[in-house]
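In this text the structure is predicted, and so the values were computed from the model without any measurement.
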Amino acid sequence: PMECFLSQPEEKQECPVKAKRRRKKKISDVLQKSPPKPGVPADLQNLLTQHFGENRSVIEIEELQLSDSCFFPANDLTHSFSSYLKEICPKWAKLRRIHKEKRSVVMLVLCSSALRSLELIKSMTAFKGDCRVIKLFAKHIKIKEQMNMLEKGLFHIGVGTPGRVKALVEQDALCLNSTKYMILDWNWRDQKLRRMMDIPEV
């Protein structure tokens with residue numbers, strides 16, 4: 001008698017499928033989809049809460065809250081730097097005239113780099129008139145040099161980086177008592193597309 005064999009279906013060899021590597025989302029991709037928007041007071045408040053939230057008590061965090069009246073309207077991105085300053089500070093000529101205190105400035109502009117500081121100084125020519133501007137950043141300028149300049153001269157506007165401004169304030173070389181305006185260069189991004197507030201050291 002002939003034996004009958006049931007033919008079993010051949011097992012298909014499964015070829016290992018390469019798992020697709022997920023492409024990391026770059027900040028440039030995010031920026032392409034979202035146009036730059038003017039900063040609002042809540043942005044700064046959230047940043048302060050995030051930064052100090054873990055180390056401070058509830059009462060201390062409440063003390064860090066700034067009321068909306070502390071803020072000027074942000075640049076709606078239709079203004080040049082000079083025209084924005086003219087809008088928020090219409091009495092600049094008077095403020096400049098009455099400012100007589102050394103080691104201080106009436107307006108302090110904070111930005112993320114020395115190159116950006118120079119850019120902003122050039123772009124405020126129409127606003128500043130003949131008032132004196134001091135560069136408050138570390139590139140090619142020693143801190144002692146800046147301390148001497150602040151001690152001997154009278155300056156109306158200071159433009160610089162947070163690190164150097166902090167160092168000058170801590171050493172009592174820069175006094176903020178007569179500072180009426182503090183401008184944060186909020187939206188500008190460096191070569192790595194980081195804003196000033198995205199830099200961990202800041």
Side-chain angles (χ1 to χ4, degrees), residues 38-41 43-45 47-48 52 63-76 78-188 196-197 199 201-202:
V40 291
D43 293 338
L44 186 63
Q45 298 287 19
L47 200 79
L48 288 170
F52 293 111
E63 285 172 358
L64 285 172
Q65 293 296 316
L66 298 166
S67 68
D68 283 358
S69 61
C70 295
F71 295 88
F72 287 104
N75 185 347
D76 58 6
T78 59
H79 284 282
S80 69
F81 191 46
S82 273
S83 70
Y84 172 66
L85 293 177
K86 279 178 185 172
E87 187 178 280
I88 62 163
C89 185
K91 295 179 180 173
W92 177 247
K94 186 185 174 186
L95 284 170
R96 191 181 72 194
R97 204 169 49 249
I98 61 172
H99 177 63
K100 296 283 182 276
E101 201 179 323
K102 289 182 178 177
R103 295 192 307 118
S104 72
V105 290
V106 181
M107 183 180 285
L108 186 60
V109 182
L110 291 179
C111 39
S112 59
S113 70
L115 286 170
R116 177 61 177 164
S117 301
L118 293 170
E119 229 175 88
L120 288 178
I121 291 168
K122 280 179 193 163
S123 68
M124 63 164 73
T125 311
F127 168 76
K128 69 183 174 74
D130 59 353
C131 76
R132 296 188 70 197
V133 179
I134 186 166
K135 298 168 187 168
L136 302 173
F137 48 77
K139 205 167 198 172
H140 309 309
I141 308 172
K142 292 190 173 101
I143 194 163
K144 283 273 189 291
E145 216 176 296
Q146 286 165 336
M147 287 164 85
N148 289 338
M149 286 166 78
L150 285 161
E151 189 69 49
K152 292 171 185 171
L154 186 71
F155 294 94
H156 304 90
I157 302 174
V159 184
T161 53
R164 179 50 63 94
V165 169
K166 180 176 182 251
L168 288 163
V169 170
E170 282 173 347
Q171 294 185 42
D172 286 331
L174 179 64
C175 173
L176 300 176
N177 291 343
S178 58
T179 303
K180 301 266 186 284
Y181 299 87
M182 189 165 101
I183 314 288
L184 300 177
D185 187 25
W186 192 265
N187 272 319
W188 187 81
M196 175 168 63
M197 298 308 171
I199 300 166
E201 294 80 17
V202 174

Practice task
With sequence neighbours excluded, give me every ring-ring contact (aromatic ring centres under 6.0 Å, His included) pair touching residues 118-146.
Solution key: Trp92-Phe127
Exercise for the section: Quick one: do Ser80 and Ser82 satisfy side-chain hydrogen bond (donor to acceptor under 3.5 Å, both in side chains)? Show the steps, please. Expected result: CA-CA 6 Å; Ser80 69; Ser82 273; 5.3 Å; no
Exercise for the section: Salt-bridge test for Arg116 and Glu119: reply yes if a basic N is under 4.0 Å from a carboxylate O, no otherwise. Expected result: yes
Practice task
Only counting residues at least two apart or in another chain, list the ones meeting side chain to side chain contact (heavy atoms under 4.5 Å, CB included) with Asp43.
Solution key: Val40, Trp186
Practice task
Report yes or no: does Lys102 contribute a side-chain atom to a donor-acceptor pair with the main-chain N or O of Leu154 at less than 3.5 Å?
Solution key: no
Problem - Pairing residues for Glu63 by the side chain to side chain contact (heavy atoms under 4.5 Å, CB included) criterion, not counting sequence neighbours - result: Ile59
Mind listing the side-chain donor-acceptor pairs of residues 170-178 below 3.5 Å, one per line with the distance, residues two or more places apart or on another chain?
unit_1, atom_1, unit_2, atom_2, d
Glu170, OE2, Lys166, NZ, 3.3
Ser178, OG, Ser104, OG, 2.8

Handout entry: Residues forming a ring-ring contact (aromatic ring centres under 6.0 Å, His included) with Phe71, sequence neighbours excluded
Key = none
Problem - Side chain to side chain, Lys135 and Ile141, heavy atoms closer than 4.5 Å - result: yes
Fill in the blank from the handout: Arg132 meets the side chain to side chain contact (heavy atoms under 4.5 Å, CB included) criterion, sequence neighbours left out, with Phe155, His156
Handout entry: Heavy-atom donor-acceptor pair, Thr161 side chain to Ser113 backbone, under 3.5 Å
Key = no
Exercise for the section: State whether the side chain of Gln65 and the backbone N or O of Gln45 hold a donor-acceptor pair below 3.5 Å, judged by distance alone. Expected result: no
